[in-house]
Enquirer: 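Can you read through this structure? Questions will come right after.
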Amino acid sequence: MFEFLFLVFTFPLLGFLTLAIGRQRISENAAAYIGVGSVGLSALLTAIIGWQFYHQPAGFSYTQELWTWMSVGDFSPRFALRLDQLSMLMMCVICGVGFFIHLFASWYMRGDEAYPRFFAYMNLFVTAMLFLVLGDNLLFLYFGWEGVGLASYLLIGFWYQDAANGAAARKSFIITRVGDTFMAIGLFIIFHGLGTLNIQDAMSLAPQKWAEGGTMVTAAALLLLGGAVGKSAQLPLQTWLPDAMAGPTPVSALIHAATMVTAGVYLIARTHVLFELSPFALDTVGWIGGITLLLAGFTALTQTDIKKILAYSTMSQIGYMFLALGAGAYQPAVFHLMTHAFFKALLFLSAGSVILACHHEQDIFKMGGLRKKIPFTFWVFLIGSLGLVAFPLTSGFFSKDKILFEAWAYGHHAFYWMGLGGAFLTGLYTFRLIFIAFFGESRATHDAHAHDDHGHGGEITQPKGGDHTLPLAVLAVAALFGGWIHIPLDAVLPQPAISEAAEHVEYSMMAASVGVSFLGIFLAWFFFLKNPALAAGIKQSAIGQLLFRWWRAAFGFDWLYDLLFVKPYLFIVRLIRRDVADQAIGLLPRLTLAFNSLFSNTQTGQLRWYAGMTAAGAVVVIAAVILI
Amino acid sequence: MILLWLILIPFIGGLLAWQGERWVGRGFPRWVALATMLLSLGISVWLWCVGDFSLQSVGGMPHWTVEYQVPWIPRFGISLHLAMDGLGLLMVVLTNFLGVVAVTCSWREIERNVGFFHLNLLWNLGGVVGIFLAIDLFLFFFFWEMMLVPMYFLIALWGHNAPGGKGRVYAANKFFIFTQASGLVMLLAILGLVVVHYQQTGVITFDYMDLLKTQMAPQVEMLLMLGFFVAFAVKMPTVPLHSWLPDAHSQAPTAGSVDLAGILLKTAAYGVLRFGLPIFPNASAQFAPVAMWLGVAGILYGAFMCFSQTDIKRLIAYSSVSHMGFVLIGLYAGTPQALQGVVVQMIAHGLSAGALFVLCGEIYERLHTRDMRQMGGLWSRFPYLPPIAMFFAMAALGMPGLGNFVGEFLILVGSWSVAPLITVLAASGLVLSAVYSLILVQRAFHGPSPKDAEPLKDLGKRELCMMGVLMVLLLALGLYPQTVLDTSASAMDQVHSIYSAAQALAGEAP
């Protein structure tokens with residue numbers, strides 16, 4: 001079956017082409033069948049290939065060469081797919097979770113006039129994402145990398161008639177493009193240092209050609225990290241992710257939670273050899289992850305938009321993955337990538353269900369008491385949240401625990417403490433959301449929806465239908481039990497030995513992290529359900545106001561970047577608006593004209609003027625002869 | 001002989017179209033022009049299929065696949081010497097293909113003096129083909145100047161008087177003066193080269209193959225090289241000599257813009273590859289840092305200028321300035337990857353910019369404005385045009401899978417070993433190109449559509465066909481550029497072998 005590997009991305013590609021060319025001629029139902037079906041076929045094929053793959057001996061990998069992309073001198077990247085333990089796992093996540101999100105989207109987007117266009121973009125995204133994880137060389141990976149960026153841009157700006165969505169889409173594309181450009185420069189360094197962009201070759205050549213801690217390898221690793229932080233919305237290129245929530249909610253689930261934003265984690269895991277050669281770069285990865293995880297956690301505490309809370313939570317969870325990578329705990333990082341895909345996709349989809357049930361209301365302070373009105377959605381949302389806060393025995397519990405434990409075991413105690421702090425924040429902000437939105441009294445103001453086209457302030461009722469319920473149910477099961485899946489990664493990612501002394505503390509650590517999570521949940525209950533007045537009081541105090549506003553503005557990064565980059569850019573644009581180079585050259589004809597008028601003015605036609613000038617000229621010449 | 005026909009066919013076709021209008025009717029010139037360009041395209045593609053372009057150069061001398069020579073003015077060693085190698089062939093194919101596009105896209109746009117319009121268009125195309133085939137420097141100069149005149153008329157007679165602009169005659173004059181003046185400098189350099197060669201060997205000749213071996217004192221070489229460079233820099237165009245381009249584009253008819261962006265700009269890069277680097281390798285190697293910095297300046301300046309434009313055609317014109325900056329860097333980096341990247345970039349830019357100009361023409365036909373402030377929300381008013389424009393905007397910002405990415409990536413990866421800092425700065429152009437391409441899409445197509453907006457007439461079959469072909473070609477170039485790379489490989493190897501020796505010398509000298 002491995003020889004059919006290329007079909008995995010061919011199905012969605014064909015889906016994209018059909019929908020893109022057919023456009024409005026394709027009915028809504030046909031578009032749903034094509035869009036969801038193509039990913040479904042990919043998922044089926046992935047399952048078959050995966051089943052075969054796990055019956056191969058450990059360390060098995062399969063490479064399928066399609067064709068050589070270009071060949072100039074010794075630069076000859078090719079289009080080749082590589083299936084190993086890491087790409088197999090990623091493929092399962094993309095096609096598996098992706099399929100259910102597509103199915104949910106076929107419900108969510110019903111009635112949108114551009115239904116086929118939506119699925120065209122979604123299929124394009126799946127294709128590009130598969131390129132990204134299956135590419136066996138960095139240039140092919142870069143192809144997918146840019147492709148998912150394009151799909152993300154198209155989907156964020158899907159409702160293009162609102163200029164704000166267009167601005168959000170542009171912002172996300174341009175900021176990630178900054179990271180991509182760093183990555184491209186990293187590719188130049190790798191190619192010139194190692195003579196190849198093939199990942200396997202480069203990784204085996206790097207230790208031979210580059211000394212540990214050398215400048216070149218550090219530069220290459222940091223530049224790849226630049227690409228990774230752009231795509232994965234980590235400090236300092238994180239500001240685009242909250243804006244990306246302008247896209248339809250299934251898009252947020254697929255692209256901005258489950259798959260694309262974890263591409264950075266995948267990239268670093270893939271090229272971990274380079275990072276191990278440069279301890280500085282590896283440390284940087286961990287610190288970036290740790291700081292992002294805390295900053296995003298604080299910001300999530302202050303948001304009121306349900307999707308933005310989830311967006312900051314995604315940023316924070318990816319921070320965990322980066323932290324794990326930085327600590328050398330590659331396998332837990334990838335494990336967390338998978339479990340996060342389950343519970344975060346579930347959270348976003350159930351948030352989508354909430355949003356539609358509440359007639360496009362996203363502010364949690366205008367919800368309240370939803371537990372009784374939409375019980376199914378409440379339960380799946382709760383399951384997702386339990387995964388997110390690493391409630392014991394849910395999927396997130398296993399992966400987060402592994403990360404914290406291994407970070408400690410490998411001697412990265414600072415990372416451990418940051419991770420523990422993050423666990424507390426996660427419990428707090430997640431259950432703040434739940435207690436405010438699902439418990440208490442309803443705060444919905446019906447007149448706000450007077451102009452809503454989906455029902456004029458109608459009752460909030462539980463959405464139904466298999467295409468709505470099935471994906472949520474399946475993902476809920478995965479979010480609950482996904483942690484029991486054992487994913488073999490030993491052939492691809494190293495697993496350093498853990499000292500016996502460290503093993504002894506494993507259970508006490510587990511208890512500690514569960515403890516802080518519960519503390520967070522308890523405080524959330526205390527402040528946001530039991531004593532909301534107290535929380536409001538703290539918020540109203542001077543220092544509370546200051547912190548609240550600072551956190552709410554996501555620590556002011558948008559403001560800072562506006563000051564540092566956007567304003568100077570616009571200043572330069574204004575400065576040269578009239579094309580200063582052209583104006584400089586425009587002096588020439590003006591000069592010519594000036595001389596022209598000067599000399600033509602001497603042609604007066606008056607004899608005495610000519611005689612006078614002749615005499616004056618003669619005087620000048622004679623004087624010059626005498627004096628010089 | 002076949003090479004001569006490649007040049008003659010457009011000239012004859014032009015005359016036929018011109019005279020035919022009087023005797024047959026207004027539709028006649030269009031069909032004649034289309035048939036002419038299709039015939040030329042057919043011949044050039046046929047040459048591509050049957051020719052062997054992998055012949056290696058011998059002793060630094062290019063190896064021509066097809067050659068044709070008859071004496072013209074024997075006293076001065078001037079002959080009608082035409083030759084074609086892989087590089088020339090690719091440029092001729094591109095010219096003829098864009099010629100077909102140019103004829104097709106003016107099908108409905110041009111209503112006045114249809115015959116004379118096509119005379120000018122075809123003569124211009126024929127002149128450009130002449131540039132790509134001539135390897136006698138006198139003949140080269142002849143074509144170089146000759147093609148300006150029809151272009152001048154295209155802008156001056158069929159151009160638009162965009163409101164706020166300075167008018168089509170102004171634009172045409174500016175174009176003519178810039179290129180004519182710089183061409184004059186090149187003529188002086190050509191004469192100087194011939195004189196130097198005469199002093200050495202006692203033979204007067206304008207033939208490329210002879211002049212290639214000329215030995216020059218360093219100062220003389222630098223002076224003559226600069227003479228050529230000025231002409232090429234204006235045509236490329238290079239900042240700060242670029243300003244004729246936006247003016248010319250904003251006033252030119254669609255066919256004229258396609259012609260300018262797709263083909264005329266390429267003659268400059270071709271000139272550097274064919275003459276600048278091989279004849280003056282040492283001076284070029286010394287001059288390289290300056291040229292590459294000019295390239296960086298072009299990339300950044302063009303990209304910044306794009307952002308403040310309101311006229312959609314001016315925006316694309318400035319994006320051409322930016323893209324040509326990459327070409328300039330690649331040319332003077334001189335590594336095999338960079339040179340091959342230049343070839344791909346020239347073709348890809350020709351296709352993508354040409355397509356964008358055609359789309360601008362289509363929008364203009366429907367809205368009667370090119371001001372982006374009056375557009376907005378076009379996405380919902382057409383089914384096909386906006387996504388197609390989006391495709392080409394993506395090509396312009398260097399999306400992998402399309403030709404421009406291959407060109408830019410090869411140029412940058414090839415330039416890294418020569419000039420890392422310049423490469424990094426040039427790479428920042430990737431971000432800036434994203435900014436202006438997306439702002440173009442936003443301003444023209446996204447946003448709310450006006451309240452009283454009616455759906456506009458979409459692209460017809462003719463236009464859809466043309467766009468489809470352009471899209472397929474860009475995709476092919478992006479996914480399998482090897483066909484092109486193999487064709488130009490030996491020509492680029494020859495340039496590289498001459499230039500790299502000089503680079504090594506220049507590297508040792510200081």
Side-chain angles (χ1 to χ4, degrees), chain A residues 20 23-24 67-75 79 113-114 117 139-140 142-147 149-150 153-154 157 160-163 165-167 169-170 173-174 177-178 180-182 184-185 187-189 191-192 569-570 572-586 589, chain B residues 177-178 239-243 246-247 301 304-305 307-308 335-337 340-341 344 376-377 379-380 383-384 387 390 394 397-401 405-406 409-410 412-417 420 423-424 427-428 430-431 434-435 438-439 441-442 445-449 479-482 485-486 489 492:
Chain A
R23 299 172 63 80
Q24 300 305 335
W67 68 84
T68 302
W69 190 350
M70 55 187 116
S71 169
V72 184
D74 48 357
F75 181 72
F79 282 117
E113 57 177 348
R117 184 162 62 91
L139 199 64
F140 192 17
Y142 188 78
F143 186 169
W145 192 267
E146 292 283 286
L150 168 65
Y153 163 79
L154 292 171
Y160 58 85
Q161 279 170 326
D162 186 350
N165 294 344
R170 270 200 314 285
F173 191 90
I174 289 165
R177 194 84 204 257
V178 172
D180 298 353
T181 304
F182 285 128
I185 297 171
L187 298 195
F188 305 153
I189 294 184
F191 175 69
H192 281 285
Y569 177 83
L570 292 176
I572 297 177
V573 165
R574 254 201 310 278
L575 198 68
I576 62 172
R577 190 181 59 229
R578 303 226 170 273
D579 205 340
V580 283
D582 183 35
Q583 297 196 313
I585 289 183
Chain B
I177 291 171
F178 266 76
V239 171
L241 303 173
H242 63 280
S243 60
D247 284 332
Y301 191 84
F304 275 106
M305 287 304 298
F307 192 82
S308 56
T335 59
Q337 284 97 5
Q340 288 281 48
V344 177
W379 194 287
S380 32
Y384 279 105
M390 174 80 101
M394 287 303 140
L397 67 73
M399 186 53 62
F405 171 75
V406 175
F409 198 87
L410 281 176
L412 292 175
V413 89
S415 308
W416 176 264
S417 56
T423 311
V424 169
S428 72
L430 296 178
V431 178
V435 175
L438 298 184
I439 211 76
V441 170
Q442 171 71 33
F445 300 115
H446 286 174
S449 46
L479 295 174
Y480 191 71
Q482 209 56 39
L485 293 173
D486 286 343
M492 292 302 107

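Within every chain, numbering begins at 1; the chains are lettered A, B, ... in the order of the sequence lines, protein sequences first and strands thereafter.
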Enquirer: Quick one: what part of B:Gln337 sits under 4.5 Å from any heavy atom of chain A, side chain, backbone, both or neither?
Expert: both
Enquirer: For each of B:Ile439, B:Val431, B:Val413, tally heavy-atom pairs with chain A at distances under 4.5 Å, and name the one with the top tally.
Expert: B:Val413
Enquirer: Chain A heavy atoms under 4.5 Å from B:Pro387: which part of the residue, side chain, backbone, both or neither?
Expert: side chain
Enquirer: Could you grab the distance from atom CZ of B:Phe409 to atom CZ of A:Phe75, nearest 0.5 Å is fine?
Expert: 5.0 Å
Enquirer: Measuring from A:Leu139:CG to B:Phe405:CZ, what's the distance to the nearest 0.5 Å?
Expert: 4.5 Å
Enquirer: At a 4.5 Å cut-off on heavy atoms, which part of B:Val344 comes close to chain A: side chain, backbone, both, or neither?
Expert: neither
Enquirer: Examine whether an atom of B:Ser415 lies under 4.5 Å from a heavy atom of chain A, and if so say whether it belongs to the side chain, the backbone or both; otherwise answer neither.
Expert: neither
Enquirer: A:Trp69 versus chain B, heavy atoms under 4.5 Å apart: side chain, backbone, both or neither?
Expert: both
Enquirer: At a heavy-atom distance under 4.5 Å, which candidate from B:Ser308, B:Ala489, B:Pro246, B:Pro420 has the highest pair count against chain A?
Expert: B:Ser308
Enquirer: If I compare all heavy atoms of B:Gln482 with all of A:Ser71, which pair ends up nearest, and what's the gap?
Expert: OE1-N, 2.7 Å
Enquirer: Between B:Met399, B:Met492, B:Met394, which residue shows the highest count of heavy-atom pairs closer than 4.5 Å to chain A?
Expert: B:Met399
Enquirer: Could you tell me which portion of B:Leu485 (side chain, backbone, both or neither) has an atom closer than 4.5 angstrom to a non-hydrogen atom of chain A?
Expert: side chain
Enquirer: Please flag which part of B:Leu410 lies under 4.5 Å from any non-hydrogen atom of chain A: side chain, backbone, both or neither.
Expert: side chain
Enquirer: Applying side chain to side chain contact (heavy atoms under 4.5 Å, CB included), run through B:Val424 and A:Phe188 and close with a yes or a no.
Expert: CA-CA 10 Å; B:Val424 169; A:Phe188 305 153; over 6 Å; no
Enquirer: Below 4.5 Å, heavy-atom pairs only: which of B:Ala427, B:Gly414, B:Gly341, B:Gly398 has the largest tally toward chain A?
Expert: B:Ala427
Enquirer: Looking at NE2 of A:His192 and OG1 of B:Thr423, how far apart are the two atoms once the value is rounded to the nearest 0.5 Å?
Expert: 8.0 Å
Enquirer: Return the CE to OH distance between B:Met390 and A:Tyr153, rounded to the nearest 0.5 Å.
Expert: 4.5 Å
Enquirer: Hey, which of A:Phe191, A:Tyr569, A:Phe182 has the most heavy atom pairs under 4.5 Å with chain B?
Expert: A:Tyr569
